[in-house]
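For reference, the structure is listed below as structure tokens.
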Amino acid sequence: MLILGIETSCDETAAAVVEDGRRILSNVISSQVELHAQYGGIVPELASRAHIENIMPVIDEALVKSGKRLNELDAVAVTAGPGLIGALLVGVSAAKALAYTAGLPLVGVNHIEGHLSAIFLERDDVEMPFVLLVVSGGHTHIYLVRGCCDYEKLGQTRDDAAGEAYDKVAKLMGLGYPGGPVIDRLASAGDPKKVKFPRSRLEPGSLDFSFSGLKTAVLNHVRAYKGVPIPEADVADICASFQAAVVEVLVEKTVQAAVATGARDIVIAGGVAANRALRDGLTAAAGKAGKRALIPSPILCTDNAAMIAAAGYRLFMAGKVSGLDLNPQANLPMERMHS
Amino acid sequence: MAGTLTLRLDAPEKTRALGEAVGRLAGPGCYICLYGDLGAGKTTFVQGLAAGLGVTEAYITSPSFALVNEYAGRLTLYHIDLYRLSGPDDLADIGFSEYPGAGVAAVEWPERAGEYLPDERLDIFIEYDGEGRSIRLAAYGKSCEALLEAICRTS
């Protein structure tokens, strides 16, 4: 079974061909990061335009690299949300046109469902139900995943997403965009205990997150320099201390969710899952609690279309096919996607 | 001449309480612009505003990623964040001029919209002066001035 996956929800134009939901034949990603870096964030209008320019060459390249032709495919899977509406529209329109002209079934995929499916590209021993931490620029959610389309939300951020906190902290320190990789890199030279930033744990037992107060604490700390350039060593310490505050709470609550639900496996997904400190921290804490942390390779954590094809395969096999009237939605909760 | 009101805010609860008061008094088409740095308390204000509008959604989360979050309440609340926009050219992409219709718009980082902000609006400046925060409200247009007068009576 060959699935073409298409992903345009944010700043990557991506297409991939995946066989049987498992074997990646091609995985093409055209990143717009450089285009948006000068603005310190995504510019929606620019993103849509760049997607329009990239989408057909990227799909062509994915097909050529896979060695397959359009008429050999079994279905087209595409991200229908959540994301930037103008960006999503480009991928969904291209997918509909391909599905219609080639007579292929169309499968609408939730972007988060795509992220969680990345692990199936690399492992076939994931035990259900598992605890899923989705952590990216727009999401910080904990789910219990019981099977295809069976998701229960256990916790979520009450204000900012973790990736957003990284981006905003990087911006207020003048470190550039995106914030995650640069803070992760600078943090490796810093002391994570140097600055005591707050850990927001909320009520006992809560699996929700809050990162807004942490962002403000970093801002107040940086303000104390009164506009004088922050010495390099201090930047490293601030980055390390901020990262420790984020990672500690993410790890603690995710492991807590696995203990509370009795799930053995913990999967993390989303762009922040590429973060070295989070990967190391979760792997260690899961091991201590008798749990297993399963983390996709960094290239499959950030936005890509192979994960969309992998999710599309599972949905297709479960009979969850979309009509050609599929419309993208900016806000699309995963637990309500196929209900 | 716009009507203004300035208040000291010594705790986040006060920002929230003021938001809630505005939410209870706001009418259809009410347009609120929130000015202030990262961490000033803009989202805290909107959380109060949502409560005052009778929004039942558990959490009012940051709209930075999706740009517009919509909540059903006594009046529909559109929580808009222009932080990631580079300037007015991007506004058409999110259908900026369509908001708020008969609902209420709360716009963070309205500076990005430049001259495309409506003439009738309630500007809210949350400022940090080294010791604490103050909040300044300025109303433009009849309906917003009436709203501000009502807020003054309750604050």
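Within every chain, numbering begins at 1; the chains are lettered A, B, ... in the order of the sequence lines, protein sequences first and strands thereafter. Note that the structure is predicted; figures quoted are calculated from it, not measured.
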When A/L219, A/D208, A/N220 are compared by non-hydrogen pairs under 4.5 Å with chain B, the top option: A/D208
Heavy atoms from other residues, nucleotides or ligands near OH of B/Y116 exceed 12 (cutoff 6.0 Å): no
Heavy-atom pair count under 4.5 Å with chain B, highest-scoring of A/A330, A/G137, A/S212: A/G137
Sequence neighbours excluded, every pair satisfying ring-ring contact (aromatic ring centres under 6.0 Å, His included) that has a member inside residues 8-28 of chain B: none
B/S62 vs A/K215 side-chain heavy atoms within contact, under 4.5 Å: no
Spacing of B/D37 atom CG and A/L172 atom CG [to the nearest 0.5 Å]: 9.5 Å
Side chain to side chain, A/E164 and B/T61, heavy atoms closer than 4.5 Å: no
Heavy-atom pair of closest approach, residues B/Q47 and A/R158: NE2-O, 3.7 Å
